[in-house]
Amino acid sequence: TVAEAERLGSMLSLAMARHFLCLIRQLRREGELALEQAQLNAAFAGELGFLLWQAGALVAAGTERACMGDRAGLDEVGRGLTLLGDGGTRSGISNALATLAEAHHAVGDTPAALGTVEAALDLSSEIGEPYWDAELMRLKAVFMLAAEPGTAVPAEALLRAALADA
């Protein structure tokens with residue numbers, strides 16, 4: 001927990017705990033709380049040079065801003081993804097791309113959201129990191145229905161596949 005990391009005095013543990021608290025807030029759809037935690041961690045991790053955790057925080061903060069109607073959040077997500085790429089890691093990229101897709105959809109760009117989900121699923125398969133695939137399939141179904149209401153049958157099949165994968 002964040003409190004335990006603070007008690008231990010480990011800055012890296014604190015950055016990690018804050019990241020996962022933000023992720024929990026996002027998954028619970030607690031946008032304001034997720035944004036607050038992400039912004040706090042982006043500044044904290046950036047100040048300490050923890051680029052992976054700063055990148056994750058920027059992606060989360062940008063996504064929450066976009067979901068609140070602020071298109072500039074997409075730029076913040078882009079900065080986070082760039083930091084992840086500059087750090088030479090692709091770990092966690094499926095989750096980051098899922099949040100980017102949600103941000104695109106939130107600002108009304110559902111075709112970009114669908115393309116981002118497709119890219120995330122392809123990358124997940126390529127690097128053998130399927131842990132976020134069920135959520136990606138769920139998002140794809142949601143975005144398909146938003147883009148074309150007549151896609152209920154394939155969207156339902158995707159949701160069933162997501163449940164089976166989870």
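This chain uses plain numbering: 1 for the first residue, then up along the sequence.
For Thr99 (side chain) and Ala96 (main-chain N/O), a donor-acceptor pair under 3.5 Å exists by modelled atom type. No donor-acceptor distance shorter than 3.5 angstrom exists from the side chain of Thr110 to the backbone of Ala146, with no hydrogens or angles considered.
Atom CD of Gln37 is separated from atom CG of Leu23 by 11.5 Å, given to the nearest 0.5 angstrom. Atoms NZ and CG, on Lys140 and Leu121 in that order, are 6.5 Å from each other to the nearest 0.5 Å. Note that NE2 of His104 is 9.0 Å distant from CZ of Arg71, once rounded to the nearest 0.5 Å. Atom-to-atom distance recorded for Leu83:CG and Leu58:CG is 6.0 Å, nearest 0.5 angstrom. Rounding to the nearest 0.5 Å gives a distance of 6.5 Å between CD of Glu129 and OG of Ser124. Rounding to the nearest 0.5 angstrom, the gap separating the CD atom in Glu47 from the CG atom in Asn41 is 11.5 Å.
Both Phe20 and Leu52 belong to a single network of hydrophobic side chains, linked directly or stepwise wherever heavy atoms of I, L, V, M, F, W or Y lie under 4.5 Å apart. Under the 4.5 Å side-chain heavy-atom criterion for grouping Ile, Leu, Val, Met, Phe, Trp and Tyr, Val117 is connected to Tyr131 within one hydrophobic cluster. Under the 4.5 Å side-chain heavy-atom criterion for ILVMFWY residues, no single connected hydrophobic cluster contains both Leu40 and Leu51. Both Leu139 and Leu158 are members of a single hydrophobic cluster when ILVMFWY side chains are connected at heavy-atom separations under 4.5 Å. Met16 is connected to Leu84 through a chain of hydrophobic side-chain contacts under 4.5 Å among Ile, Leu, Val, Met, Phe, Trp and Tyr, so both are in one cluster.
Met68 has its side chain within reach of Glu32: a pair of non-hydrogen atoms, C-beta onward, lies under 4.5 Å apart. Annotation: side chain of Arg28 is in contact with side chain of Ile24 (closest heavy-atom distance under 4.5 Å). Side-chain contact between Arg79 and Thr82 is absent, with no heavy atoms from C-beta onward closer than 4.5 Å. At a threshold of 4.5 Å between non-hydrogen side-chain atoms, the residues Leu163 and Met137 do not count as touching.
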Evaluate the side-chain contact (heavy atoms from CB on, under 4.5 Å) criterion for residues Leu74 and Leu100: first the C-alpha distance (whole Å), next the side-chain angles of each, then the deciding distance (0.1 Å), finally the verdict. CA-CA 7 Å; Leu74 292 171; Leu100 174 61; 4.1 Å; yes
Test log, rule side-chain contact (heavy atoms from CB on, under 4.5 Å), inputs Glu156 and Leu159: CA-CA 5 Å; Glu156 180 181 351; Leu159 290 171; 5.5 Å; no
What do the steps show when you test Arg18 against Glu4 for salt bridge (Lys or Arg N to Asp or Glu O under 4.0 Å), and what is the final call? CA-CA 11 Å; Arg18 285 178 174 165; Glu4 184 66 14; over 6 Å; no
I'd like to know whether Trp132 forms a side-chain contact (heavy atoms from CB on, under 4.5 Å) with Leu97, so could you lay out the CA-CA distance, the side-chain angles of the two residues, the decisive distance to 0.1 Å, and finally the verdict. CA-CA 10 Å; Trp132 213 253; Leu97 290 174; over 6 Å; no
Could you give me the CA-CA distance, side-chain angles and deciding distance for Leu123 and Ile93, then say whether side-chain contact (heavy atoms from CB on, under 4.5 Å) is met? CA-CA 8 Å; Leu123 183 62; Ile93 197 73; 3.0 Å; yes
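Ion pairing between a basic and an acidic side chain is recognised when a charged N comes within 4.0 Å of a carboxylate O; Arg65 and Glu36 show no such pairing.
Closest approach of Leu35 to Ala61, counting heavy atoms only: CD1-O, 3.5 Å. Pairing each heavy atom of Met11 with each of Leu48, the nearest pair is CB-CD1, 3.6 Å. The two residues Val107 and Ala66 have their closest heavy-atom pair at CG1-O, 3.7 Å. Ala134 approaches Asp165 most closely through the heavy-atom pair N-OD2, 3.3 Å. Looking at every heavy atom in both residues, Cys22 comes nearest to Ala60 through SG-CB, 3.6 Å.
By the neighbour-count criterion of 12 heavy atoms within 6.0 Å, atom CD of Glu126 is densely surrounded, having more than that number from other residues, nucleotides or ligands.
Relative ring orientation between Phe50 and Phe44 is described as perpendicular, the plane-to-plane angle rising above 60° on a 0-90° scale split at 30° and 60°.
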